[in-house]
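Each chain gets a letter, A, B and so on, in the order the sequences are listed, and its residues count up from 1.
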Amino acid sequence: MLRLDTQFNVQNISSVRLLKVLTFDELMKKGLSVCAGQIGYEDIILWIDNNNLKDLEKFLNLPVAGVVLSSGYARSLKNDKIILSCPKDDKVVQPGDVISVGPNSNVVRVLYRRGSDSNLLFITDRCNSYCLMCSQPPKNINDYWHIEENLFLIDLLDPAHEQLGISGGEPTLYRNGLLKILKKSKLVLPQKELHVLSNGRSFKDPSWVDELVEIDHPALTWGIPLYADNAVDHDHVVQAVGAFSETMQGIYNLARAKQKIEIRVVLSKLTVARLPELAYFIFRNMPFVEHVALMGIENTGLAKKNYEALWIDPLDYQETLKQACHYLEIRGINVSIYNLPLCVVDTTLFPFYRRSISDWKNVFVDECQSCSAAENHCAGFFKSHSERWQSRGIRPLAPAELDNCFEDVL
Amino acid sequence: MGYSMSLGIITKEAGYSLLPFRFLRFERNEILVTAETGEYLFVDDGQLDDLVNKKVDPKGSLYRDLLARHFIYEPSVHNPINEMAAQYRSRKSFIFGGPALHILVVTLRCNHTCQYCQVSRAPLGGSAHDMSAEDARHAVDRIFESPSPVLTVEFQGGEPLLAFDRIRQIVEDVLLKNEVEKRNIQFVISTTLHHLDDKILDFAKLHKIQFSTSVDGPAWLHNSNRPVPGKNSYERTLEGIRAIRAEMGLEAVSALTTLTALSLKHPESIVDEYIDLNFNSISLRPLSPYGFAKKSSQRLGYSTNEYIDFYKKALEYLITVNSQGSFLSESYTSLLLTNILTPFSSGYVDLRSPLGAALGTLVYNYDGDVYPSDEARMMLEMGENGLRLGNVKNSLSELLSSPVVEVLLSAGINESLPGCSDCAFLPYCGADPIEHFSRQGDPVGHRSFSDFCNRNASIMKHLFKLLHFGDDTSNRVLLSWLSRRSVADISVTGYRG
Amino acid sequence: MSKPFTLIVDSEIYPLRVVQRAAYALASEFTILIKSGDHNFELEIVPFKISSDKEDISPDAVKNKVITELNDFVVRDRVQQETSGIRELLAKAALRECGV
C-alpha cells in the first residue's frame with residue numbers, strides 16, 4: 001500500500017506549485033504534449049535517478065521548474081531552481097505523477113499517480129449530510145481553492161484512458177466549480193471516464209438538468225448512495241432529515257438529464273437487514289440505474305465512533321447479500337461487491353466480487369500469507385483495519401476454491 | 001418539479017395515509033394486495049384490517065414494506081409521487097407510440113380447411129380475394145403515419161405466401177420509405193409454410209423476415225386439426241421449418257399451437273413435440289370465439305375452465321422439462337411475468353389498458369377495409385362488420401377518429417370497468433371490448449360471466465401461487481423465462497418478495 | 001333453482017353502493033335481489049345450481065360467502081373514500097411529461 005505523500009528536502013520554493021514529474025527521456029520524446037492540456041516547461045520537474053545524476057547541471061539549465069532527486073543523494077547546489085531531495089519514502093513520487101509542493105511544508109503530495117486505479121479530483125471537505133460511517137468527515141470551511149487547483153491539475157494529467165473519480169465531501173456544493181471541472185474534463189480529458197460521488201441531494205433543483213444536458217459529457221457516471229427503501233431508515237444513516245426525499249428527487253432529475261447513475265450502498269448493520277428490499281426498490285423505481293455497488297465498510301472517520309451501530313460480521317449478512325445480488329442480476333441490473341475480503345463472501349457471489357480497495361489503501365493480515373487469493377483475487381483490508389472490524393471468518397483459500405472468481409492480473 | 005399531494009385526509013394520530021390499492025382473497029387468510037404502481041404483497045386478514053384502520057406498527061417490517069411498495073405514505077416525511085409516477089409511466093409506456101403492430105391480410109386464399117379457422121377461406125385460384133396493389137400502397141402510407149419508432153409489419157391470410165408478390169411489393173415499399181423515416185422495423189409472415197419456395201426464402205433472408213407458423217402438436221394431432229388434401233399438413237410445415245432454419249438459423253421461425261378439445265387431452269405430447277423440434281417458445285392460446293370457430297363451437301368447444309386445467313398441466317410439465325435442461329418458455333406466461341414482476345409493460349396488444357385494439361394495432365383487410373384488431377376482422381364471418389374503422393385510403397387520424405374507436409375506448413380502460421376497477425390483477429391485465437362484444441354482445445361485458453376475465457384471473461392466480469408459495473425449481477424456471485436465460489444460469493433465485 | 005336465502009344487512013354499515021358491487025361480484029354464483037327496508041337492505045339470494053348431481057349449497061356457506069364479499073367491499077369502499085383523487089393525480093403526473 002503506497003502513500004500519497006511523503007517528506008522531501010525542499011529547496012527554492014516560494015509559492016504552492018503543481019508540477020508534473022517527468023524523466024528527461026520522456027520529455028524529449030513527447031515534448032509538452034505528454035500532458036493532456038496546455039502546459040509550459042515551468043510546470044515540469046525533472047526526475048533524476050542514479051543513472052543520470054551526472055547530467056544534473058545540464059538539467060538544471062533547462063527551462064523546467066526544477067528537479068526531484070529520487071535517491072537520498074544530497075548535494076549542496078547553488079541554483080534557483082526547485083530542488084526536491086532525500087525523500088522519506090522514495091517510491092511515493094514517480095515519473096508521470098503530478099505533485100503539489102509549497103514553501104511552508106516539506107510534505108510533497110501526489111495529486112495524480114500514473115498507473116493508479118484510483119486517481120481522483122478532490123472537490124471539497126464540505127458536505128450537507130453527516131453519514132454515521134463517513135470516511136471523510138465534513139468540515140465547514142471555505143475550500144473553493146480545490147476547484148482552482150483541480151482546473152490546473154487537469155492540464156497536467158496523462159491524456160490516456162482511465163477512470164477518474166471526483167469526490168469530497170459533497171462535490172455538488174460548489175455547483176459552478178464542479179460544472180467548470182466537468183466542462184474542462186470533456187475538453188481536455190476526452191479519454192477519461194468520470195465517476196462522481198455525490199449524495200444527489202443538490203439535484204432536487206431541476207435547473208441542474210439543463211446544465212448537465214448542455215455539457216453532454218460522453219462518459220460520466222454519478223455514484224449515489226441509497227441506504228434504505230424508506231425515508232426514516234435512510235435519513236438515519238445519513239443523519240439528515242429530508243435527505244431521502246432530496247436524493248430520490250435528485251435521481252429522477254439526473255435521469256431526466258440522461259445521466260448515468262450508479263447506486264451505492266455501504267454494508268453495515270443498518271443497511272443489510274433490508275438489503276433485498278432495497279434491491280427490489282431500486283429495480284421497481286429506478287430500473288434505469290446502470291450499476292449497483294455494494295461496499296464493505298471502512299473503519300475510518302466517523303465509522304470508528306459508531307462501531308456499535310454499524311459493525312456486523314460480513315459472514316452474518318451473506319444470506320441477504322445473496323438475495324439482493326441475485327435478484328438484481330436476474331433482472332438485468334449490474335451488481336458489484338467491493339471492499340470485502342474474498343474468504344467471507346459466499347461462493348455464489350464470486351461473479352460480483354471486485355478486487356477493489358484502492359491500491360494506496362489496502363493491506364493483508366497474517367492469515368493471508370498462505371492464501372491463494374491474496375495476490376490476484378482478493379481486495380484485502382483497508383489500511384485503517386483493526387481487530388474489532390475483522391470477520392471471524394478470515395482464512396486462507398485454496399486454489400480450488402477460486403473457480404468462480406474474476407482474476408485481476410495486472 | 002415535485003407535485004403536492006395535500007388531500008385533506010384526516011389521519012388522526014396515525015403517521016400514515018393510505019394510497020389507492022386493490023385486493024383479492026386467494027384463500028381464507030391469504031390476500032393479495034396490489035398498489036396502483038403494480039407492486040404487490042400478500043397479507044392476512046388481520047394485517048389488512050390493521051392497514052385500513054391505521055394500526056400497522058411503524059417499527060415493523062410490514063410497515064416498511066407497505067411504505068416502500070406504495071400502499072401507504074407518510075405525508076410529513078416523504079412524498080412518493082415521483083416514484084409512483086415513474087412506475088406508472090413505465091407500465092403505460094405503450095400509449096406513447098401509436099399503433100406499432102400492422103397486420104396485412106394479403107389474401108384469403110388457403111389450401112387448408114381447418115375447422116376452427118377464424119377467416120373465410122377462398123379457393124386457391126384467382127385473385128378476387130387478394131389485396132390489390134393500390135390498397136397495399138395506401139397501407140404502407142398508413143403504417144408510417146403512426147409515430148411509433150418501432151413497427152411490426154405482419155402478413156396474414158388465408159395463406160399469405162399465396163400472394164407473395166404482394167408481400168414483396170409491401171416490404172420493398174416499406175424499406176424504401178424507411179430510408180427516410182429510419183424506424184426500427186420487423187417483418188413477420190404468419191404462414192403454414194406449405195407454399196414456401198427458394199424465391200421466397202431468399203427474399204426473407206435478404207430482409208430478415210421472421211416466420212410464424214402453426215404446430216399444433218405431434219403429427220397425428222396436427223393433421224387431425226388441420227385437414228389438407230394430401231393429409232400431410234404437419235409434414236409440409238416441418239419441411240418449411242427445416243428449410244428456413246437451414247438458410248436463416250433457428251431463431252427465424254417460431255410456432256404457435258391452436259388448441260382444440262382433442263389438444264386439451266394431450267398437454268405433454270404437445271410440449272414434447274416442441275422440444276423435439278427445438279423451439280424455444282410455445283404459445284398455448286385457447287380458441288377464441290371468432291370466425292368459423294364460433295360456428296363449430298359445439299364440436300370444437302371447451303369451456304374456459306377446461307382450458308385452465310389444461311394450462312396448469314402443461315405448465316407443470318413445461319417446468320419439469322425446463323428444469324431438466326431444455327429451454328422452452330410459454331409465451332403468454334412470459335408476458336404475464338413481465339407485467340407482474342417488473343415495472344415494464346409487456347406491450348402485448350390484447351392485454352392493455354387502454355386497450356390495444358386500434359390504438360396499438362391495425363388490420364388491413366384484403367378488400368381495403370381497416371379493422372382495430374385481428375379478432376374484429378374475424379367477426380366478419382359472423383356477419384358483424386360493425387367494427388370496421390374505415391378504408392385504407394382514409395388517413396390514420398381519420399381511422400382513429402372513427403366512432404368505433406370511441407365506443408371501444410369507452411369500454412377499453414379497465415380502471416373504469418365494473419368488476420375490473422376493484423380487481424387486484426388490474427395493473428397486470430387489460431381490457432378487451434371486442435372479445436366481450438363477441439361473446440356477450442356488449443363491449444363492456446359482465447365480469448362475472450367473462451371468459452376473458454376468468455381465463456386471465458385464473459392464470460394469474462396460478463402464477464402468483466407459484467411465485468409465492470411454489471418451490472425453488474418452479475421459480476428458477478419462471479425467472480429463466482422472464483430473463484430469457486437458461487435455468488442453469490439461474491443458480492440462486494434471490495429475493496422472492 | 002335452489003331455494004332463496006334471505007340476509008338482512010344494516011344500510012349504514014353496508015351502503016347501497018357496497019351491496020350492489022358485492023352482488024355484481026357474486027353474479028356467477030348467486031342471483032341477488034336487493035330490497036330496501038328501514039335502515040337496512042334485504043338480500044334475497046338464490047344460488048345457481050351448477051349441475052344437478054351437486055348437493056345444494058348449505059345456508060351457512062351462502063351466508064359466509066355473501067358476508068365475506070360484503071365486508072371486502074366495505075374495505076374497498078373505505079380505501080376509495082380515503083384515497084379519492086390520488087389515482088387521477090398520479091395519472092396526470094405520470095403522463096404530463098410526455099405531452100399527453
Derivation and outcome, salt bridge (charged side-chain N to carboxylate O under 4.0 Å, His left out), residues Glu36(B) and Arg87(C): CA-CA 8 Å; Glu36(B) 203 64 34; Arg87(C) 284 202 178 115; 2.5 Å; yes
Whether over 12 other heavy atoms sit under 6.0 Å from Lys65(C) NZ: no
More than 12 heavy atoms of other groups within 6.0 Å of Glu406(B) CD: no
Interatomic spacing from CG in Leu18(B) to CD in Gln81(C) - rounded to 0.5 Å: 12.0 Å
Check against side-chain contact (heavy atoms from CB on, under 4.5 Å), Arg76(C) and Ser421(B): CA-CA 11 Å; Arg76(C) 291 186 179 105; Ser421(B) 58; over 6 Å; no
Inter-residue atom distance Phe21(B).CZ - Ile86(C).CD1, 0.5 Å rounding: 11.5 Å
Audit row: Arg22(B), Gln80(C), side-chain contact (heavy atoms from CB on, under 4.5 Å) steps and yes/no: CA-CA 9 Å; Arg22(B) 302 174 173 92; Gln80(C) 165 64 25; over 6 Å; no
Non-hydrogen side-chain atoms of Phe23(B) and Val79(C) separated by less than 4.5 Å: no
Pairs of heavy atoms under 4.5 Å with chain C: top-ranked of Leu51(B), Leu48(B), Asp422(B), Ile31(B): Asp422(B)
Closest non-hydrogen atom pair, Val52(B) against Glu82(C): O-OE2, 4.3 Å
side-chain contact (heavy atoms from CB on, under 4.5 Å) between Arg78(C) and Asn53(B), worked out: CA-CA 10 Å; Arg78(C) 167 95 183 268; Asn53(B) 288 311; 3.0 Å; yes
Region of Ala27(C) in contact with chain B, defined by heavy-atom distances below 4.5 Å: both
Contact summary for Leu90(C) and Ala85(B), nearest pair of heavy atoms: CD1-N, 3.5 Å
Min side-chain heavy-atom separation Leu95(C)-Phe96(B) under 4.5 Å: yes
Whether Tyr24(C) and His446(B) hold their rings parallel, tilted or perpendicular, with breakpoints at 30° and 60°: parallel
